[in-house]
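Letters go in sequence order (proteins before strands), and every chain restarts at 1.
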Amino acid sequence: SQTIHQWPATLVQPVGSPLSLECTVEGTSNPNLYWYRQAAGRGLQLLFYSVGIGQISSEVPQNLSASRPQDRQFILSSKKLLLSDSGFYLCAWNRDRGPYEQYFGPGTRLTVT
Amino acid sequence: AQSVTQLDSHVSVSEGTPVLLRCNYSSSYSPSLFWYVQHPNKGLQLLLKYTSAATLVKGINGFEAEFKKSETSFHLTKPSAHMSDAAEYFCVVSENSGYSTLTFGKGTMLLVSP
């Protein structure tokens with residue numbers, strides 16, 4: 001069976017510090033990978049998605065970036081965090097064939113102070 | 001373009017009474033539809049999915065949903081609410097056109113009182 005991991009589970013960082021969140025998927029190959037942010041009262045926002053190693057598409061311009069150094073690893077980064085980066089970050093994966101349901105990781109709670 | 005409207009931001013029920021969470025969708029294609037549940041500070045869990053095989057879809061934890069094309073609806077129901085059902089529920093649509101991203105509703109918070 002497939003499993004998706006995210007770490008860390010919680011993170012408190014000062015404004016201007018760097019960020020690295022990691023997501024890995026087990027039990028499947030060549031998944032589509034996604035990063036979402038969920039801010040209080042604002043629903044789920046798609047940040048990045050990737051259909052293969054080194055292939056990243058950005059949905060929202062911001063000070064965040066994503067990378068996919070390995071087939072089942074997806075990393076979300078920032079060089080300098082802003083207060084507005086606070087939120088709940090979710091990684092997800094799905095197969096490259098229908099019906100395209102996505103499977104979510106446990107999430108990372110990021111608080112920028 | 002596709003869209004999802006969850007008609008209620010909050011629904012309150014008593015334990016043991018039926019649950020109805022309403023969802024309407026708009027899609028240019030024959031869509032796939034999903035319901036997810038999210039408990040506080042947890043990831044989203046897939047409850048059920050509609051993929052055109054059957055209009056009445058049964059999911060986990062006693063939930064089910066009925067796809068009604070004429071009404072463009074995909075409402076989620078459960079005959080008897082349990083305290084552990086208290087969570088946020090998201091209705092989601094996928095257009096199934098090659099690589100596809102999902103469109104999420106804004107969510108419905110289900111409150112269950114004893």
Open item on the list: With a 4.5 angstrom heavy-atom cut-off, is it the side chain or the backbone of A:Gln6 that approaches chain B, or both, or neither?
Closed with: neither

Open item on the list: Counting heavy-atom pairs under 4.5 Å with chain B, which one of A:Gly107, A:Gly43, A:Ala9, A:Pro106 comes out on top?
Closed with: A:Pro106

Task: Test item: B:Tyr36 side-chain N/O and A:Phe104 main-chain N/O as donor-acceptor pair under 3.5 Å - done: no

Open item on the list: Could you check whether any side-chain heavy atom of B:Leu44 comes within less than 4.5 Å of a side-chain heavy atom of A:Leu44, counting everything from C-beta outward?
Closed with: yes

Open item on the list: Any heavy-atom pair between the side chains of B:Gln38 and A:Phe88 that's under 4.5 Å?
Closed with: yes

Open item on the list: Working to the nearest 0.5 angstrom, can you tell me the gap between B:Asn41 CG and A:Thr108 OG1?
Closed with: 11.5 Å

- [ ] Following the transitive rule for hydrophobic clusters with a side-chain heavy-atom cut-off under 4.5 Å over Ile, Leu, Val, Met, Phe, Trp and Tyr, establish whether B:Met109 and B:Val4 coincide in one cluster.
- [x] no

Task: Reported CG-to-CG distance for the pair B:Leu102 and A:Asn94, which is rounded to 0.5 angstrom - done: 7.0 Å

Open item on the list: For a side-chain contact (heavy atoms from CB on, under 4.5 Å) check, start with the C-alpha distance between A:Leu90 and B:Lys42, then their side-chain angles and the critical distance, and finish with the verdict.
Closed with: CA-CA 9 Å; A:Leu90 290 160; B:Lys42 302 290 185 184; over 6 Å; no

Task: Reported CD-to-CZ distance for the pair A:Gln38 and B:Phe104, which is rounded to 0.5 angstrom - done: 9.0 Å

Task: Transitive ILVMFWY side-chain link A:Ile56 to A:Tyr36, under 4.5 Å - done: yes

Task: Hphob cluster co-occupancy, B:Leu7 + B:Phe74, side-chain heavy atoms under 4.5 angstrom - done: no

Task: Single-linkage hydrophobic cluster, 4.5 Å side-chain cutoff, A:Ile53 and A:Phe48 together - done: no

TODO: Tell me whether A:Leu83 is reachable from A:Tyr89 by hopping between hydrophobic residues (I, L, V, M, F, W, Y) whose side-chain heavy atoms are closer than 4.5 Å.
DONE: yes

Open item on the list: Heavy-atom cut-off 4.5 Å, strictly under: side chain, backbone, both or neither for B:Gln45 against chain A?
Closed with: neither

